[in-house]
2 protein chains.
Amino acid sequence: MGVPGKLIFAVACLFLADRFYCGEILVFPEDGSHWVNMMVILKQLHSNGHTLTVVRSARSLYIQERSSFYTSITINPSQMEDIGSGLFDALLIRSLELRTMSPLWRFIEQQKDITAILKTFHGVAHQMICTILEDTLLINRLHSAKFDMMLTDPAFPAGVLLANYLHLPLVYNVRWLNAGDAHMAIAPSPPSYVPTYNSLFHDRMGFIERAENLLRYLVIRFQENFVILPIYSNLLARYFPSDFDLLSMQQSADIWLLRVDFAFEFPRPTMPNIIYIGGFQCQPPQPLPADLESFMQSSGEHGVVVMSLGVMVAALPMEITEIIADAFAQIPQKVVWRYMGERPSTLGNNTLLVDWLPQNDLLGHPKTHAFVSHGGTNGIYEAIYHGVPVVGLPLMFDQFDNIHRLETRGAARLVEVATLTSEGFKEALLDILQNPSYRQSIQKLSRLHKDQPISPLNNAIFWIEYVIRNKGAGHLRSQAIGLPWYSYYCMDIFVFFLALAFTIVWTAFTFCRLICFRGSPKKKVE
Amino acid sequence: MGVPGKLIFAVACLFLADRFYCGEILVFPEDGSHWVNMMVILKQLHSNGHTLTVVRSARSLYIQERSSFYTSITINPSQMEDIGSGLFDALLIRSLELRTMSPLWRFIEQQKDITAILKTFHGVAHQMICTILEDTLLINRLHSAKFDMMLTDPAFPAGVLLANYLHLPLVYNVRWLNAGDAHMAIAPSPPSYVPTYNSLFHDRMGFIERAENLLRYLVIRFQENFVILPIYSNLLARYFPSDFDLLSMQQSADIWLLRVDFAFEFPRPTMPNIIYIGGFQCQPPQPLPADLESFMQSSGEHGVVVMSLGVMVAALPMEITEIIADAFAQIPQKVVWRYMGERPSTLGNNTLLVDWLPQNDLLGHPKTHAFVSHGGTNGIYEAIYHGVPVVGLPLMFDQFDNIHRLETRGAARLVEVATLTSEGFKEALLDILQNPSYRQSIQKLSRLHKDQPISPLNNAIFWIEYVIRNKGAGHLRSQAIGLPWYSYYCMDIFVFFLALAFTIVWTAFTFCRLICFRGSPKKKVE
């Protein structure tokens, strides 16, 4: 082979080597804040040369139809409940109402609400997947596209069902699944030391706490079996073989990229195919826009407080907003507040209201001294990554648990929104700002979080490409999947042993009686 | 600061940065094959600049007193049973005897043997730790050395006890602990799909297998509680606070570097502080000595079979050796056999006997077509790493389980040594050599094993240095440690709920009866 031949061969090799790991990936995301972090992974996959096809709803709030890094398939179910910001505003009002109730009453009302919310969200997922499976043209198109795998957020199982229908290897970008923390669906979760979703418990529980935790665990299992599974039963009967059940399909994903890090989460059992990627979206701060930078610098030695309640909640009710603005006005720090409602009358000169803020860059700014947050997972990991202590105003879902976890590590203060006072909020804020232990605690978490052999984002990408390279990761999948619960817990064996013991005792007893009858028949007559 | 000042500062910074991660590590290894792989980690730690102090017994078989990469502390207990090759020869003979028994009888005899072996090995560990703790001079020296951590193989707990006594952060290089696979001590191990040590079960078990597996699980727990723990009870009472128990001390290690990889092991629950380093000792082959290389090349297209039974067994009984030599003589391949006994009369010209062989380099040689192995963990991982199919002649301990795991993946054939015939061995050997599926299967395992985001050795070193940097990894330690079993399994809660239910029913019943009595007292009289 001459020099040009060798050159062409070398280029071809390079090209092939590059193409070797490049896959066709079908993506089935969730909307809202879940999409914000899914995008981080998608951008990285795109820049690694993978081709992405995103399935989205026509009524999606955040998932754009057109993008430079993916093509999309838009699904338009004929009947589907709207999950817009209106729903989240209603949930917020209801959540505030619940917070003023007594614990027992709140628990009961909360379970009713959760059941209703689960029905709404799973109803929407059910409509999505029905619309897809009914559309034979679309299904043929998906079949012939020869995707290498599906990447989905399985909080609601439309993506899971589609991947199983198309027989695609499956990777999750996951935090929640069905009715609780994703671990519950796949890893042993003993209620004796694994606090359940929304329990606000530690991993060290007293007797009464463990009893309540067990009850909550059973309620979650009940909701899973009697609220969620029935929603999909007709669909399963129609489109899947009779031995397919939803839980097994959910459990049998190849890789679970779990948005958790043990600098934050309590240690608990896990599985070999769970990869922890908590905080993967965090990165060193980029420079701020000039006006924001000059605002930050104007804070002098006092520094800045950043406040945001996440993408789904535009603003709190006005009376609470006024209380917060009033407290902010009384502190020497400057405040950057993402706020989209009417301007509060108590707003101080030190507070800048913005429609949107570059949260990661602001939290990474050296002038930022505290973060007032609702406790969404994304924001909490950014606070940990940049080592900024948190005043938590949890509103709904997992936000209470998130703030609680930071609080138990001395890195946050939880403030009850429903009973908020200006003094209380100011006291918590000044405590976080002036007591150095909060900053030390969260900076310790930050060091632990960053001390990993591979960055969470690179780890996520590695395992997605691993599934493409190896056409799945079936060898990491537990045989517990599909075992009935009585077999899983060896209940059938215990019953068998009991029956065996009973039979032996009974036989021995009968035998003895027989001997006795034979040996002394006359005695009895006497 | 002038130029020389800056230079000195820069050098000092470099020096400090270099020293920052360098630690003083106390090492408490196990002897034999366990030491072979511990050395791989020690050499890497040494070359990273850490200072190593190795605790060894004066009667150690393999752990040298002098080394270029560690200093040693030699312990010389006054009374200690010898664990020499004589013991292993006796165990081998006994193991062959057991293999000819009926399954039930073998199981019973095996448990008796295991109990005796556990008593011997734990007795030696007990003597070691007693001798150390009694030596106040040595203890003072260890205290004042200010070690950053201990690295130990905790198969027997002398190192664990010493680390706890000295309050040192603790990292395990571990495969077995107490009476079984190390997972059992720390991770949930449901007997419904996690096969117990030596059961030869798959992770897919039928009803009878699950029943037997549960029984084996209970036997292991029994041995742990009633054979092992009593050995150390006096020692604990004398040297440790009253709330210290051996199991909790064993469980509370910071990091478990587990010599397992899921290309080999069945998937099962794990814990966040278990790091899988199976196969960390494997590396690309180095060139062979010239005479061995020319022997390998002389095999032509037929290739070479490599045979080794590990470091602890010099040779099999003569009649079995003759059978193996006879079978080797009948195949067209050349054979390299690590063998230290009398030369068998049936030995063919194609077979080279050697006292020692560079196993990793031989298995990585392109001429090597098969590996005849006893199934020790080190050799099995080398076979996987280099993709060489295995004829397994398991003799004792975990070797049956190891070969069984390869066999279920189509990468090995298990041959029963106790009933070995020349024809049977030759048939298995030729099957492995001629049927390409074995090679394909183990090469698939090899690809999976090597497809990791970080090499197992680098991962091991990372986590050891992590423990030095962060002074432990307490945040990864489960709160299940120290929970009594009835609390762990929520038994106390169930009893509480049952009692509550009973009280309610009984109160209701009593109340009803009271009402009834009051309502119709005359009826009763009538």
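Numbered from 1 within each chain, the chains take letters A, B, ... in sequence-line order.
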Student: Report yes if some heavy atom in the side chain of B/P269 is under 4.5 Å from a heavy atom in the side chain of A/M271; otherwise report no.
Tutor: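 Side-chain contact under 4.5 Å: yes.
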Student: Among B/C490, B/S192, B/A211, which residue has the highest count of heavy-atom pairs closer than 4.5 Å to chain A?
Tutor: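 When all of B/C490, B/S192, B/A211 are compared, B/S192 has the most.
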Student: Below 4.5 Å, heavy-atom pairs only: which of A/R477, A/R447, A/R210, A/R268 has the largest tally toward chain B?
Tutor: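 Winner by heavy-atom pair count: A/R210.
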Student: Could you go through B/F262 and A/N273, starting from their C-alpha distance and side-chain angles, then the distance that decides it, and tell me whether this counts as side-chain contact (heavy atoms from CB on, under 4.5 Å)?
Tutor: CA-CA 10 Å; B/F262 286 105; A/N273 58 345; over 6 Å; no
Student: Looking at A/Y489, A/W463, A/F266, which has the largest count of heavy-atom pairs under 4.5 Å with chain B?
Tutor: A/W463
Student: Who among B/L483, B/N458, B/L448 has the most heavy-atom pairs with chain A under 4.5 Å?
Tutor: B/L448
Student: Using a 4.5 angstrom heavy-atom cutoff, name the option from A/A480, A/P190, A/P188 with the most pairs to chain B.
Tutor: A/A480
Student: Please check if the number of heavy atoms outside B/K444 that lie under 6.0 Å from its NZ is greater than 12.
Tutor: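 For B/K444, atom NZ is not crowded (no more than 12 foreign heavy atoms under 6.0 Å).
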Student: side-chain contact (heavy atoms from CB on, under 4.5 Å), that's the test. Do A/F462 and B/D451 meet it? Break it down for me.
Tutor: CA-CA 10 Å; A/F462 175 89; B/D451 199 353; 3.3 Å; yes
Student: Please name the pair of heavy atoms, one in A/F207 and one in B/I493, separated by the smallest distance, quoted to 0.1 Å.
Tutor: O-CD1, 3.7 Å
Student: At what distance, to the nearest 0.5 angstrom, does CG of B/L215 lie from CZ of A/F497?
Tutor: 4.0 Å
Student: Can you tell me which of B/I454, B/N459, B/N470 forms the most heavy-atom pairs within a distance under 4.5 Å of chain A?
Tutor: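 Going by pairs under 4.5 Å, I would pick B/N470.
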